[in-house]
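Working notes, structure below.
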There are 2 protein chains.
Amino acid sequence: MERKPDNCRVEDALGILVGKWKPVILLYLLQEGTKRFSELKRNMPGITQKMLTKQLRELEDEDIIARVVYPQVPPKVEYSMTEYGRSLEPILEAMHEWGAKHTEHKMEKQQNQLKSSS
Amino acid sequence: MERKPDNCRVEDALGILVGKWKPVILLYLLQEGTKRFSELKRNMPGITQKMLTKQLRELEDEDIIARVVYPQVPPKVEYSMTEYGRSLEPILEAMHEWGAKHTEHKMEKQQNQLKSSS
DNA sequence: CTGTATCCTGATCGATACTG
DNA sequence: CAGTATCGATCAGGATACAG
């Protein structure tokens, strides 16, 4: 598998993860399994319906999540990871771990700067 | 290490990788080692000086890459991955692999849609 | 050679209101 | 309940010109 700049496929993976709420949505569905629209919304404080809908549609278009509509009143729609979407889990986990370490790293750096300037 | 939505650190890692040229820059430095500004520019067809400078500064601010200035005329500036930056390599590799498989996946999907519509 | 400084455009995000 | 429509703000990205 080539990794040269002129054949870089990192962007393709990145494109799917990028979006202010996508990582949270994915991690949540991975952990909790199938969820309704309203449950997702309740769990992401601050997200608007428009945004949630948009992010879900984009993930659905990439086959990362599945959307099941129950034809009833009131409507019920459930979202869940696809088999394929689950292949992203190791990457998400790795990024979470790395991200956690990185915030530590940055805090240490700040501490050192404070020390040297005092 | 908690991965709950309210403690999601994926964004922190994502923030560093996001930027139109960052993945390419990182992969390039990872493979080729230390490079000059002009070499980087030559290797990223289409990037402007402003953009290259900006992306490099952002990566430098996060301690992912190191910037060494040689005080001479004409100026010479070298960029390289830091020890710390190298810890991103597995993630970058994983995303590249996944991205490559994903473009395959999308092509298969398109094929199937063509078949079923004919 | 290695940058900064301006200005501009399009995409993304968000607040709000409305609907089957 | 689960959306869609509209409008405005913000921001990343890019073209271009200039500078140490």
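To find a chain, count down the sequence lines: A is the first, B the second, and so on, and within it residues start at 1.
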> For every nucleotide of nucleotides 4-9 of chain C, 5' to 3': is a protein heavy atom under 4.0 Å from its base (B), only from its sugar-phosphate (S), or from neither (-)?
Replying inline: BBBB--
> For DNA chain C, what residues of residues 32-41 of chain B have any heavy atom nearer than 4.0 Å?
Replying inline: B:R36, B:F37, B:S38
>> Using a 4.0 Å heavy-atom cut-off, does B:Q55 contact any base of the nucleic acid, only the sugar-phosphate backbone, or nothing at all?
In response: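 Result for B:Q55 = sugar-phosphate.
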> Checking all strands, does B:Y70 fall into the base, sugar-phosphate, or nothing category for heavy-atom contacts under 4.0 angstrom?
Replying inline: nothing
Roughly, in whole Å, what's the span from [atom1] in [X] to [atom2] in [N]?
| X | N | atom1 | atom2 | value |
| --- | --- | --- | --- | --- |
| B:E58 | D:dA12 | CD | P | 8 Å |
| B:I47 | C:dT2 | CD1 | C1' | 14 Å |
| A:L56 | D:dC1 | CG | C1' | 14 Å |
| B:M44 | D:dG13 | CE | P | 15 Å |

> Does any residue of residues 13-22 of chain B have a heavy atom under 4.0 Å from DNA chain D, and if so, which ones, in number order?
Replying inline: B:G19, B:K20, B:W21
>> My understanding is that only residues two or more places apart in sequence, or in another chain, count here; which of them pass ring-ring contact (aromatic ring centres under 6.0 Å, His included) with A:W21?
In response: none
>> What I'd like to find out is whether the side chain of A:E78 reaches to under 4.5 Å of the side chain of A:K35, using heavy atoms alone.
In response: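 SC-SC contact between A:E78 and A:K35 ruled out.
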> Looking at side-chain heavy atoms only, is the closest gap between A:V69 and A:P75 below 4.5 Å?
Replying inline: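 No, side chains not in contact.
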> Looking only at atom types and distance, does a side-chain atom of A:E32 sit under 3.5 Å from a main-chain N or O of A:Y28, one as donor and one as acceptor?
Replying inline: no
>> Between A:E89 and A:R86, does the salt bridge (charged side-chain N to carboxylate O under 4.0 Å, His left out) criterion hold? Intermediate values first, please.
In response: CA-CA 5 Å; A:E89 185 160 17; A:R86 272 187 246 283; over 6 Å; no
> So, for B:S80 and B:T34, which heavy atoms are closest and what is the spacing to 0.1 Å?
Replying inline: CB-OG1, 3.5 Å
> Which atom names give the shortest non-hydrogen contact between B:A94 and A:I91, and what distance separates them?
Replying inline: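 Closest heavy-atom pair between B:A94 and A:I91: O-CD1, 3.6 Å.
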>> I want to check one thing: is the phosphate of C:dT12, taken as OP1 and OP2, less than 4.0 Å away from some side-chain N or O of A:K54?
In response: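 So the side chain of A:K54 is outside the cut-off, no N or O lying under 4.0 Å from OP1 or OP2 of C:dT12.
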Show me the side-chain donor-acceptor pairs of residues 57-66 of chain B shorter than 3.5 Å, one per line, residues at least two apart or across chains.
{"unit_1": "B:E58", "atom_1": "OE1", "unit_2": "B:K22", "atom_2": "NZ", "d": "2.6"}
{"unit_1": "B:E62", "atom_1": "OE1", "unit_2": "A:H102", "atom_2": "NE2", "d": "2.9"}
{"unit_1": "B:D63", "atom_1": "OD2", "unit_2": "A:H105", "atom_2": "NE2", "d": "3.2"}

>> Applying ring pair (Phe, Tyr, Trp, His ring centres under 6.0 Å) as the test, list every pair that has at least one member in residues 29-80 of chain A; sequence neighbours left out.
In response: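 As it turns out, there is no ring pair (Phe, Tyr, Trp, His ring centres under 6.0 Å) pair with a partner in residues 29-80 of chain A once direct neighbours are skipped.
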>> Of the options D:dC1, D:dA15, D:dG13, whose atoms approach the side-chain atoms of B:M51 most closely?
In response: D:dG13
> NZ of A:K41 to OG1 of A:T53: how many Å apart, nearest 0.5 Å?
Replying inline: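 So the NZ of A:K41 and the OG1 of A:T53 are separated by 9.5 Å.
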> Applying the side chain to side chain contact (heavy atoms under 4.5 Å, CB included) test to B:M95, which of A:I16, A:D12, A:L17 qualifies?
Replying inline: A:L17
